[in-house]
Asker: 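Got a structure for you, questions after.
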Amino acid sequence: MDVIDRLRPALRSFEPYDPAFSPCRVNLSANENTHELPEEVRAAIDAALLDTPLNRYPDPMANALRDALAERHGVSREMVCVGNGGDEVLFNLLFAFGGPGRTVVTCPPDFAEYANFATMCECELCPVWRDPEDFSIDADELVEAARDAALVILTSPNNPTGDLLDRALVERLLDETDALVLVDEAYVEFAPEGASVIDLVAKRPRLMVLRTLSKAFGLAGLRVGYLVAHPSVVDALGAIRQIYSVDVVAQAVALAAIRERAAMAGVVADIVSERERLLAGLAEIPGVRAWPSAANFVLVRVPGAAEVRRRLRDEHSILVRDFSAAPGLGDCLRLSVGTREENDALLDALSVILREEA
Ligand SMILES: *Cc1c(COP(=O)(O)O)cnc(C)c1O
């Protein structure tokens, strides 16, 4: 049976997401945190798991978790909305505030899910393309595009380019347009102190900040993300979200991890220093161009990127993400920052391959 004709037209171009993961010794393809959890965090999570009955539905309001997140950011519970990963929150934002005739502004190259979800929700997409050399955003062009927009989505640090958003640009967008502005800070824990704009949310009702436990907290498999926003935005999302999308296990484990967050600082600091070491190592390999990064990954351009990725996988059992077919990212690969051993393996393999390809 062919169901294409029966599908909602906006959904016909989509295919199941299958990253075709080949099991590899070193997986640096999905920006996961590959470090082991500190012992005290692991112990707190294990205790929370043991203490979580599965026969009852989860708290649909996730109040205990929202309280802990609110405390982390110095806001009230009413300003926090949780989701099944940041992805669910993103989808719900586009579902709630997008739709036919509503414009969503993005700054590609960026996270592909923005355009996917916007298309599924039948929004008009208005991409403001970044500079092809340094990936900077033209502020005037963005503000102009945002004038008629329902929603502007910005990413800081941006995936996959690694650069931070200018705080003044966020303020300018809020001053000069009437759009809702989402700043996706999935990776902000890896950025220098003060990079987040989350402190602006309390006085800027149209500003929303997305966070996740998938990256710095090392809990990608748990599926917990959240939005910090004005209470009326949180209410609107609360009314349309799948009520049980954050299950009892996810709520309990996320709560334990947030309470133990101080213990994650060492892991994050190590990834940041490994990122700089990786960048220094890449600078030594002829033919590699690497962009600076404030996240736990590095974007590089290498001659014959698709073939380099294939050889990394097949000859060295190292998996990285190939962006070479994405618009604006010709010959680009995204390398997640792993442990010291993983990064060394990657650097060694890359220098061997690039020497032979040259
Ligand atoms: C990883 C990521 C997210 C959220 O991921 P979840 O695992 O769904 O929480 C959001 N935005 C960007 C840019 C990301 O890279």
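This is a predicted model, so every value here is computed, not measured. Ligands are counted one by one from 1 in listed order, and the atoms in each one are counted from 1 as well. Numbers here simply count residues along the sequence, with the first being 1.
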Asker: Do other residues, nucleotides or ligands put more than 12 heavy atoms under 6.0 Å from Arg25 CZ?
Answerer: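 Counting neighbours around CZ of Arg25, more than 12 heavy atoms of other residues, nucleotides or ligands fall under 6.0 Å, so yes.
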
Asker: List the residues meeting ring pair (Phe, Tyr, Trp, His ring centres under 6.0 Å) with Phe190, not counting sequence neighbours, and say none if there are none.
Answerer: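 In terms of ring pair (Phe, Tyr, Trp, His ring centres under 6.0 Å), with neighbours along the sequence ignored, Phe190 is linked to no residue.
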
Asker: Near Glu176 CD, under 6.0 Å, is it more than 12 heavy atoms from other residues, nucleotides or ligands?
Answerer: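 Enclosed: over 12 neighbouring heavy atoms sit under 6.0 Å from CD of Glu176.
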
Asker: Does Glu357 CD have over 12 foreign heavy atoms under 6.0 Å away?
Answerer: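 Check passes, neighbour count above 12.
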
Asker: Measure up the Tyr244 and Tyr57 rings against each other and bin them: parallel (under 30°), tilted (30 to 60°), perpendicular (over 60°).
Answerer: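 Tyr244 vs Tyr57 ring planes: parallel.
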
Asker: Kindly tell me which protein residues have any non-hydrogen atom under 4.0 angstrom away from an atom of ligand 1, grouped by chain and ordered by number?
Answerer: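 Correct list: Gly85, Gly86, Asp87, Phe111, Tyr114, Thr155, Asn159, Asp184, Ala186, Tyr187, Thr212, Ser214, Lys215, Arg223.
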
Asker: Starting from the C-alpha separation in whole Å, work towards a yes-or-no answer on salt bridge (Lys or Arg N to Asp or Glu O under 4.0 Å) for Asp59 and Arg66.
Answerer: CA-CA 11 Å; Asp59 172 8; Arg66 286 164 72 214; over 6 Å; no

